[in-house]
Structure formats: structure tokens, C-alpha cells
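Have a look at the structure below before the remarks.
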Amino acid sequence: MGHTATEQAGSGGLTATEHRLANGLRVVLSEDPLTPVAAVCLWYDVGSRHEVKGRTGLAHLFEHLMFQGSAQVKGNGHFELVQGAGGSLNGTTSFERTNYFETMPAHELELALWLEADRMGSLLTALDDESMENQRDVVKNERRQRYDNVPYGTAFERLTAMAYPESHPYHHTPIGSMADLDAASLEDARAFFRTYYAPNNAVLSIVGDIDPGQTLAWVEKYFGSIPSHDGKRPPRDGTLPEIIGGELREVVQEEVPSRALMAAYRLPHDGTREADAADLALTVLGGGESSRLYNRLVRRDRSAVAAGFGLLRLAGAPSLGWLDVKTSGGVEVPAIESAIDEELARFAAEGPTPEEMERAQAQLEREWLDRLATVSGRADELCRFAVLFGDPQLALTAVQRVLEITPQEVQAVAQARLRPDNRAVLVYEPTEPAETADEAADDAADNDEEEAAR
């Protein structure tokens with residue numbers, strides 16, 4: 001079944017058509033003949049929020065396993081075929097979804113569709129202990145490189161764990177723990193695939209210089225025979241009170257370049273006017289070098305070398321406002337925190353100025369238009385709104401919704417949410433590197449000896 005490509009008000013002339021195969025696969029097409037390329041984006045409705053205790057990281061591990069070969073494509077063949085045809089590809093995992101995407105020369109679109117269908121329909125025939133162990137090691141090394149062995153690397157994990165209670169589905173991040181990655185078995189992976197990697201749990205979007213009729217025929221040819229699966233359980237309820245109810249705080253002493261203050265504020269769910277208002281509030285406060293916090297902390301006080309405030313949009317749980325400030329010199333964190341609270345209180349009392357509102361809306365508008373202007377960005381947004389909100393057409397009118405938000409709505413969300421009793425705070429205090437400490441001790445001993453001699 002298909003829907004007519006009707007231009008939506010505020011869509012800027014962009015259109016999309018929706019279709020559904022008999023096995024439940026949702027297909028979204030958007031023609032764009034301006035460049036001879038086509039983007040294929042496939043979202044599976046599975047992320048870390050679907051995982052159970054003791055098996056965290058399985059969604060992300062499976063993202064890697066999907067590139068390990070399938071029935072017709074062995075080993076690293078997916079990468080080799082796409083890149084050999086002049087295309088690019090990747091996959092990512094989040095709390096709420098796992099996605100896979102290719103951007104191809106338009107005449108190679110059929111290849112990308114065949115590759116995605118082959119691993120959706122036949123990955124289990126190629127999944128064995130060797131590929132499992134191979135990708136388990138890859139993911140563990142990724143965790144070391146991106147989380148465990150870099151300055152401030154565990155901040156995201158720590159703040160998420162504080163902002164969402166122990167039993168909450170968003171309490172753990174998609175990377176998973178080392179212990180759980182080690183504990184995952186081949187049968188765990190097979191059961192995970194059978195449950196979530198089914199056509200009725202996916203949305204396929206195709207954007208670019210395409211022939212819709214031919215494209216749908218290829219989709220039916222390659223995906224139509226893949227059976228659906230009805231064993232999926234819905235994710236656990238992510239509902240939480242709007243306000244945390246008291247500040248949560250953790251101090252971390254690590255070998256980091258400078259002191260840092262990071263915080264996560266509980267904000268409205270994605271897909272609401274309140275979330276758009278919160279996005280504008282954080283843009284005024286910390287979105288770039290023209291923001292209030294940057295001007296106060298970096299330019300005026302010179303107490304920080306970096307200051308940013310952004311929104312992590314989440315649909316199945318409260319979104320999070322992420323504050324990140326790196327101090328300069330020997331500035332202490334309390335001084336930074338006092339200045340931040342002053343700026344947040346002033347913003348809540350006065351709201352944004354007309355100039356700030358105009359600048360913030362223009363900034364978010366540009367970011368949205370940048371995403372929708374590329375075939376890959378538009379394909380991703382069509383999938384996102386289809387999976388998380390049930391309607392891909394919402395992607396085409398997102399800019400208009402941001403421009404409709406009023407200064408009063410921005411001020412209201414700041415008053416209600418950007419408060420000290422609604423944040424988890426993470427403070428980094430540098431420790432002296434072991435070698436430096438030893439050298440300092442040796443220098444002190446040498447100085448003592450010289451002083452005694454004198």
C-alpha cells in the first residue's frame with residue numbers, strides 16, 4: 001500500500017511517499033534528482049533500552065556482527081562491494097534504534113538494497129563462534145579507545161547512570177559493560193537477531209535520484225520474501241517525574257587535562273513543543289561562541305576554555321540537557337558553578353531577548369536544513385520520525401515547528417527545568433600523573449639535600 005506524495009505545509013517543497021510490504025516492512029521514498037546518488041537507510045526498532053540486565057551492549061555488538069558476512073556475502077564483503085561501487089556506508093547504535101546506511105551512485109542502488117536484504121534475511125546462516133569472538137574483541141577495544149582510556153571518556157556513562165535510576169531502561173549506555181560483553185553467548189546473539197531483525201520491526205528509506213516504481217519493485221523482490229517475527233517485547237517503561245527532585249553529584253579524580261564541570265538536566269520528551277523550546281533555550285545559553293555561557297565564562301570571566309550546552313533528544317524517556325565546561329588555569333569548580341547558576345536564573349527570570357531568539361531559531365533552522373539537504377541526512381530523518389513517532393512526514397516540517405516556538409515557551413521550560421534540583425552533576429578533579437608525582441618527589445629530595453649542604 002502506498003500514500004500519495006503530497007507536499008506538506010512548511011516542508012520547503014520536499015515530499016515523501018510511504019509504502020508497506022506484506023511482511024510489515026515500512027518503506028519511505030523521497031525523490032531528489034539534483035545529484036546522481038541514492039541513499040539507503042534502514043532503521044531497526046531496537047537499541048540499548050531493549051536490553052536486559054546482564055546483557056548490556058548486545059544491540060551495539062550486533063551492529064558490528066551485521067558487517068561480518070551473510071549467506072551470499074562472506075566476511076568483509078559488504079564493505080568491499082559498496083566501496084568498490086563508489087559508495088560509502090556505516091551503522092550506529094543508540095538508546096532507541098540501530099541503523100545501517102549506504103550512499104551509492106544512483107545506478108548502484110539495486111546493489112545496496114540486495115546487500116541489506118541479504119543480511120536481514122540470512123545473517124544467521126553466517127553467524128558463528130569465530131565471527132562472534134572477532135566482533136566481541138572489536139567492541140571491547142572500541143570501549144577502551146572511546147570510554148576507558150581517554151580523558152573524560154566515562155562522563156557520558158556516569159551522567160546517564162545518575163540521571164536515570166538503576167532499574168530504568170536508559171540507565172546504561174549502548175556501549176555496554178566489559179563483563180556483559182564477555183558474558184554474551186552465540187545463542188544470545190541468535191535470539192536477539194530473530195527477535196529484532198525482522199522486516200516488521202524496521203523502516204527502510206530511500207532518497208535521491210531514484211525511479212520510485214523500479215525502486216519499489218527491487219524492494220519487493222529482495223525484501224518481500226523475508227518472514228516477519230512477532231516475538232518482540234516492548235521496551236520497559238521509561239516514564240519518570242519531570243524533575244529529579246534534588247541535585248545528584250559525583251566527584252571523579254582522574255588524570256585529565258583540567259578541571260571540568262558537567263551536568264545533565266532532565267528535559268521534555270522528543271517530539272513535543274516543549275522539547276523544541278528546550279532546544280532553543282540551550283542554544284541561547286550554550287550553543288556556540290555567541291551563547292550566554294560562552295560569553296560569560298570564556299570571554300568575560302576567562303574562567304573556562306570551553307562551555308557548551310546541548311540537547312540529547314530522547315523519545316522513550318526524558319531528554320537530557322548536557323552541560324560541559326572545562327576550566328582554565330587553576331580556577332576552582334565552585335566559581336564556575338556559581339556563574340552558571342547566575343546565568344540560568346537570569347535567563348529563567350527574563351527569558352531570551354528578541355535578538356537571541358532570532359539567532360537561536362536561525363541556528364537550529366540551519367542545522368535542520370543541513371540534514372534535510374543531503375540525501376543521507378534526509379533518509380535518516382525520515383526513518384527516525386517513522387520509527388519513533390510513526391510518521392515520516394514529520395521530518396519534512398520540523399523546521400517550521402522550531403520557528404513557531406515563542407519566547408514565552410522558551411522561558412517557561414527554563415523556569416521549570418533548568419534548576420539545581422533537576423540535575424546530575426559530574427566534577428572532574430585532575431590527579432597528578434604517576435611519573436610526574438615521582439619526578440616531583442625526586443626534585444623535592446634534591447632540593448632538601450642542596451639546602452642542607454648550603
| field | Over 12 non-hydrogen atoms of neighbours within 6.0 angstrom of CD in Glu187 | value | yes

| said: Heavy-atom count check: over 12 atoms from other residues, nucleotides or ligands less than 6.0 Å from Glu429 CD? | reply: yes

| said: One pair to check against side-chain contact (heavy atoms from CB on, under 4.5 Å): Thr195 and His50. What are the steps and the verdict? | reply: CA-CA 11 Å; Thr195 301; His50 295 86; over 6 Å; no

| query | Okay, side chain of Glu51, backbone of Ala59: is any donor-acceptor separation there less than 3.5 Å? | reply | yes

| query | Could you go step by step and tell me if Thr93 and Glu63 meet the side chain to side chain donor-acceptor pair (under 3.5 Å) rule? | reply | CA-CA 7 Å; Thr93 310; Glu63 173 212 318; 2.5 Å; yes

| Under a 4.5 Å cut-off applied to non-hydrogen side-chain atoms, are Trp43 and Asp380 in contact? | yes

| task | For Gln411 and Ala348, indicate whether the former's side chain and the latter's backbone hold a donor-acceptor pair under 3.5 Å. | result | yes

| message | Set out, in order, the CA-CA distance, both residues' side-chain angles and the distance that settles side-chain contact (heavy atoms from CB on, under 4.5 Å) for Leu280 and Val402, then state yes or no. | response | CA-CA 8 Å; Leu280 287 165; Val402 170; 4.2 Å; yes

| message | Determine whether Thr406 and Glu409 satisfy the following criterion, side chain to side chain donor-acceptor pair (under 3.5 Å), listing intermediate values before the conclusion. | response | CA-CA 5 Å; Thr406 66; Glu409 290 176 287; 3.3 Å; yes

| message | Can you tell me how the ring of Trp368 sits relative to the ring of Phe385, calling it parallel under 30°, perpendicular over 60° and tilted otherwise? | response | tilted

| task | Could you list all the ring-ring contact (aromatic ring centres under 6.0 Å, His included) pairs where at least one residue sits in residues 241-274, not counting sequence neighbours? | result | Tyr265-Phe309

| message | Any heavy-atom pair between the side chains of Ser258 and Val331 that's under 4.5 Å? | response | no

| Criterion salt bridge (Lys or Arg N to Asp or Glu O under 4.0 Å) on Glu254 and Arg158, from CA distance to verdict | CA-CA 14 Å; Glu254 283 186 3; Arg158 292 174 185 272; 3.6 Å; yes

| query | Does Arg259 reach the side chain of Glu332, with side-chain heavy atoms less than 4.5 Å apart? | reply | yes

| said: For a quick test of reading the model, state the closest non-hydrogen atom pair linking Ile175 to Glu157 and the distance between them. | reply: CG2-OE2, 4.0 Å

| request: Check the angle between the aromatic planes of His168 and Tyr164 and answer parallel, tilted or perpendicular using the 30° and 60° thresholds. | output: parallel

| field | Residue pair Thr103 / Ser376: nearest heavy atoms and the distance that separates them | value | OG1-CB, 3.7 Å

| query | Under 4.0 Å between a Lys/Arg side-chain N and an Asp/Glu carboxylate O for Glu343 and Arg300? | reply | no

| message | For a side-chain contact (heavy atoms from CB on, under 4.5 Å) check, start with the C-alpha distance between Phe347 and Val410, then their side-chain angles and the critical distance, and finish with the verdict. | response | CA-CA 10 Å; Phe347 186 75; Val410 173; 3.7 Å; yes

| is_close_aromatic(Phe95, Tyr170), centroid dist under 6.0 Å | yes

| message | Restricting to non-hydrogen atoms, name the atom on Leu240 and the atom on Ala163 that form the minimum distance, rounded to 0.1 Å. | response | CD1-O, 4.4 Å

| Is there a side-chain contact between Asp270 and Leu314, using heavy atoms and a 4.5 Å cut-off? | no

| said: Please report the interatomic distance CG(Leu394) to CD(Glu381), rounded to the nearest 0.5 Å. | reply: 11.0 Å

| query | So which heavy atom on Pro430 is nearest to which on Val256, and how close? | reply | CB-O, 3.6 Å

| message | Quick test of your reading of the model: are Arg292 and Glu356 salt-bridged, counting only N-O distances below 4.0 Å? | response | yes

| message | Which heavy atom of Met162 sits nearest to which heavy atom of Ala424, and what is that distance? | response | CB-CB, 3.7 Å

| If we ignore angles and hydrogens, is there a donor and acceptor under 3.5 Å between the side chains of Ser185 and Arg190? | no

| How many angstroms lie between atom OG1 of Thr56 and atom CG of Asp180, to the nearest 0.5 angstrom? | 3.5 Å

| message | If I take atom CG from residue Leu181 and atom CG from residue Asp137, how far apart are they, to the nearest 0.5 angstrom? | response | 10.0 Å

| Measuring from Gln145:CD to Lys140:NZ, what's the distance to the nearest 0.5 Å? | 13.5 Å

| Less than 4.5 Å apart, any side-chain heavy atom of Glu342 and any of Arg296? | yes

| field | side chain to side chain donor-acceptor pair (under 3.5 Å) evaluation trace for Asn134 with Ser131 | value | CA-CA 5 Å; Asn134 178 289; Ser131 59; over 6 Å; no

| query | Does a side-chain heavy-atom distance below 4.5 Å link Lys326 with Tyr152? | reply | yes

| task | Can you sort out the partners of Trp322 under ring-ring contact (aromatic ring centres under 6.0 Å, His included), two or more places apart, ordered by chain and number? | result | Phe156

| note | In terms of heavy-atom contacts, Leu372 and Arg378 come closest through O-NE, 3.0 Å

| Is there side-chain contact between Val73 and Arg119, with heavy atoms separated by less than 4.5 Å? | no

| query | Parallel, tilted or perpendicular: which fits the ring planes of Tyr197 and Phe193, with parallel below 30° and perpendicular above 60°? | reply | parallel

| remark: Interatomic distance, CG@Leu282 vs CG@Leu323, rounded to 0.5 Å, equals 9.0 Å

| task | Determine, step by step, whether Met262 and Val425 satisfy the side-chain contact (heavy atoms from CB on, under 4.5 Å) criterion, reporting the C-alpha distance in whole Å, the side-chain angles of both residues, the deciding distance to 0.1 Å, and the verdict. | result | CA-CA 6 Å; Met262 304 181 190; Val425 177; over 6 Å; no

| task | Output yes when a side-chain donor or acceptor of Asn422 lies under 3.5 Å from a complementary backbone atom of Ile244, and no otherwise. | result | yes

| task | Could you give me the CA-CA distance, side-chain angles and deciding distance for Arg313 and Asp276, then say whether salt bridge (Lys or Arg N to Asp or Glu O under 4.0 Å) is met? | result | CA-CA 10 Å; Arg313 288 177 175 266; Asp276 288 336; 2.8 Å; yes

| message | Surrounding CD of Glu404 (heavy atoms of other residues, nucleotides or ligands, distance under 6.0 Å), is the total greater than 12? | response | yes

| said: I'd like to check Met357 versus Val284 (side-chain heavy atoms, cut-off strictly below 4.5 Å). Are they in contact? | reply: no

| remark: OG1 (Thr98) and CG (Asn201) are apart, to the nearest 0.5 Å, by 9.5 Å

| request: Determine, step by step, whether Arg144 and Asn141 satisfy the side chain to side chain donor-acceptor pair (under 3.5 Å) criterion, reporting the C-alpha distance in whole Å, the side-chain angles of both residues, the deciding distance to 0.1 Å, and the verdict. | output: CA-CA 5 Å; Arg144 294 185 188 101; Asn141 279 332; 2.6 Å; yes

| request: Look at atom CZ of Arg346 and say whether more than 12 heavy atoms of other residues, nucleotides or ligands are closer to it than 6.0 Å. | output: yes

